[in-house]
Engineer: 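The structure is given below, and queries will be raised subsequently.
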Amino acid sequence: MVLKMNINNIHDFNLNQENDFLTIQTKLKKHINLVNSISKDALQTCAGVDLAYWEEDGEAFGVCSIIVLDFHTKRVIEKVHSAGKIAVPYIAGFLAFRELPLIIKAAKKLTIEPDVFLFDGNGYLHFNHMGIATHAAFFLEKPTIGIAKTYLKIKQTDFVMPDNNFGAYTDIVIGGEVYGRAVRTRQDVKPIFLSCGHLIDLDSSYDIAMSLVNRESRLPIPIRLTDLETHTLRAYYRENQKLIE
DNA sequence: GCGACAG
DNA sequence: ATCTTGTCGC
């Protein structure tokens, strides 16, 4: 997969400066496009993206997995991954800066260009509308969807708990604007927090995410599979640490 | 000092 | 995210 934006752009500023992070976010968010309606019939492939971490000699390492599925058969058609040292600490609101280097490194190995990417984390549901799903789309140049397992409170606004049945949801409205959606993907489980990433609208994101849920997990299949995959890869790299770098 | 805090 | 055993329930 060819990536237009150069990864080196990510390293052109001081990695631990939150002000620099904010500057980047503010610059990119002006270009967010949330008006594309994407029909499921037009989709051929979808991908999940996730990372796992571990420590070695006091240093942080991570592995990123991207798994591509045929959207309709749900069969895996490609798996790629990347592993390496993690340079940026986790700071709520700036997750993308920590995870993007490995995500881009893995994405470059894709031979298929997925029609849509699902991320483990927020997209537009973010105080600066620049969660990892949104931010990553500027590199991938493909529609992205954010799927978070827990709620990130913005401007002291809580979400309204959706009804306890499959598909029930409540929109997360902050200051009169819809940021995302709390979605009950299965009965008797906690809701997930869905939001647009970029290049797709919220209703399409919801339809796609819901059609990718089965009885295995409350999370869409691509996210679930990459989560399992990163744990497997981590176990491997922990035993073969020298294969990294 | 205390609580909050996507992953 | 990660560290971790058992355990309640379908």
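The chains referred to below are lettered A, B, ... by the order of the sequence lines, with proteins before strands, and numbering in each begins at 1. Given the structure is predicted, the values throughout are model-derived calculations rather than measurements.
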Engineer: Could you state the atom-to-atom distance from NZ of A:K153 to C1' of B:dA4 in whole Å?
Structural biologist: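 Atom-to-atom, A:K153 to B:dA4, this comes out as 9 Å.
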Engineer: Would you indicate what A:R238 reaches in the nucleic acid, counting non-hydrogen atoms under 4.0 angstrom: base, sugar-phosphate, or nothing?
Structural biologist: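 Contact class for A:R238: sugar-phosphate only.
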Engineer: A:L152 has an atom CG; how far is it from atom C1' of B:dA6, in whole Å?
Structural biologist: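 Atom-to-atom, A:L152 to B:dA6, this comes out as 5 Å.
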Engineer: Hey, is the main chain of A:H72 close enough, under 3.5 Å, to the side chain of A:D70 for a donor-acceptor pair?
Structural biologist: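 Side chain of A:D70 to backbone of A:H72, a donor-acceptor pair under 3.5 Å: yes, one is there.
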Engineer: Check each of A:E177, A:Q25, A:H135, A:H198 against A:H129 using the side chain to side chain donor-acceptor pair (under 3.5 Å) test, and report the only one that passes.
Structural biologist: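 Among A:E177, A:Q25, A:H135, A:H198, the one that satisfies the side chain to side chain donor-acceptor pair (under 3.5 Å) with A:H129 is A:E177.
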Engineer: Measuring only the C1' atom in each nucleotide, how far is C:dT4 from B:dG3? A whole number of Å is fine.
Structural biologist: 25 Å
Engineer: Under 3.5 Å for both distances, Watson-Crick or G-U wobble, that's the pair rule; now give the dot-bracket for DNA chain C, with | marking pairs to another strand and [ ] for crossing ones.
Structural biologist: ..........
Engineer: Grab the CZ-C1' distance between A:F61 and C:dA1 for me, whole Å please.
Structural biologist: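 Rounded to the whole Å, the gap is 16 Å.
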Engineer: Can you tell me how far P in B:dG1 sits from the matching atom in C:dG6, rounded to whole Å?
Structural biologist: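 The answer is 39 Å between these two P atoms.
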Engineer: Nearest-Å distance, CH2 (A:W54) to C1' (B:dG7)?
Structural biologist: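 It works out to 16 Å between those atoms.
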Engineer: Let me confirm one number: the CG-CD1 distance from A:L225 to A:I67, rounded to the nearest 0.5 Å.
Structural biologist: 5.0 Å
Engineer: Throw together a table of side-chain donor-acceptor distances under 3.5 angstrom for residues 29-37 of chain A, partners on residues two or more places apart or in other chains.
Structural biologist:
residue	atom	partner	partner atom	Å
A:K29	NZ	A:N128	OD1	2.6
A:N33	OD1	A:V35	N	2.9
A:N36	ND2	A:L199	O	3.3

Engineer: For DNA chain B, what is the dot-bracket line, given that a base pair needs Watson-Crick (N1 to N3, plus N6-O4 or O6-N4) or G-U wobble (N1-O2 and O6-N3) geometry with both distances under 3.5 Å, and | means paired with another strand?
Structural biologist: .......
Engineer: In whole Å, I'd like the distance from the CD1 atom of A:I192 to the P atom of B:dG7.
Structural biologist: 11 Å
Engineer: Are A:Y237 and A:H81 linked by a side-chain donor-acceptor pair shorter than 3.5 Å?
Structural biologist: yes
Engineer: C:dT2 and B:dC5: how far apart are their C1' atoms, nearest whole angstrom?
Structural biologist: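 These two C1' atoms come out 15 Å apart once rounded.
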Engineer: State whether the side chain of A:K105 and the backbone N or O of A:A83 hold a donor-acceptor pair below 3.5 Å, judged by distance alone.
Structural biologist: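 Looks like yes, one N/O pair under 3.5 Å.
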Engineer: Take the protein atom CZ of A:R234 and the nucleotide atom P of C:dT4, then report the distance between them rounded to whole Å.
Structural biologist: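 Atom-to-atom, A:R234 to C:dT4, this comes out as 11 Å.
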Engineer: What does A:H231 touch in the nucleic acid at a heavy-atom separation under 4.0 angstrom: a base, only the sugar-phosphate, or nothing?
Structural biologist: sugar-phosphate
Engineer: Give the cluster check for A:I223 versus A:I77: same hydrophobic cluster or not, with ILVMFWY residues linked at side-chain heavy-atom distances below 4.5 Å.
Structural biologist: no
Engineer: Base, sugar-phosphate or nothing for A:N122? Non-hydrogen atoms, less than 4.0 Å.
Structural biologist: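 Base: the residue A:N122, judged by heavy atoms under 4.0 Å, touches a nucleobase.
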Engineer: With a 4.0 Å cut-off on heavy atoms, is A:F94 in touch with a base, just the backbone sugar-phosphate, or nothing at all?
Structural biologist: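 Counting heavy atoms under 4.0 Å across all strands, the contact made by A:F94 includes a base.
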Engineer: Does A:E99 form a side chain to side chain donor-acceptor pair (under 3.5 Å) with A:Y53? I'd like the steps, not just the answer.
Structural biologist: CA-CA 10 Å; A:E99 304 200 330; A:Y53 298 92; 2.7 Å; yes
Engineer: If we check side chain to side chain contact (heavy atoms under 4.5 Å, CB included) with A:V80, which of these qualifies: A:I112, A:L110, A:T111?
Structural biologist: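 Going through A:I112, A:L110, A:T111 one by one, the side chain to side chain contact (heavy atoms under 4.5 Å, CB included) with A:V80 is satisfied by A:L110 alone.
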Engineer: In whole Å, measure the gap between the C1' atoms of B:dC2 and C:dT5 for me.
Structural biologist: 32 Å
Engineer: Distance check: side-chain N/O of A:K149 vs OP1/OP2 of B:dG7, anything under 4.0 Å?
Structural biologist: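 Looking at the OP1 and OP2 atoms of B:dG7, one of them is under 4.0 Å from a side-chain N or O of A:K149.
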Engineer: Quick one: which of A:L69, A:V68, A:V116 gives a side chain to side chain contact (heavy atoms under 4.5 Å, CB included) with A:T45?
Structural biologist: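 Among the candidates, only A:V68 passes.
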Engineer: Categorize A:G93 for me: base, sugar-phosphate, or nothing, with a 4.0 angstrom heavy-atom threshold over every strand shown.
Structural biologist: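 Base contact.
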Engineer: Assign A:I132 to base, sugar-phosphate, or nothing according to its heavy-atom contacts below 4.0 angstrom with the strands shown.
Structural biologist: base
Engineer: Does the side chain of A:D201 come under 3.5 Å of the side chain of A:S204 through a donor N or O and an acceptor N or O?
Structural biologist: yes
Engineer: Does a nitrogen or oxygen in the side chain of A:T150 sit under 4.0 Å from OP1 or OP2 of B:dC5?
Structural biologist: no
Engineer: Is A:Y90 stacked on the base of B:dG7, with ring centres under 5.5 Å apart and planes under 30° apart?
Structural biologist: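 A:Y90 vs B:dG7: stacking yes.
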Engineer: A:F159 CZ to B:dA6 P: how many Å, rounded?
Structural biologist: 13 Å
Engineer: Grab the NE2-P distance between A:H135 and B:dG7 for me, whole Å please.
Structural biologist: 18 Å
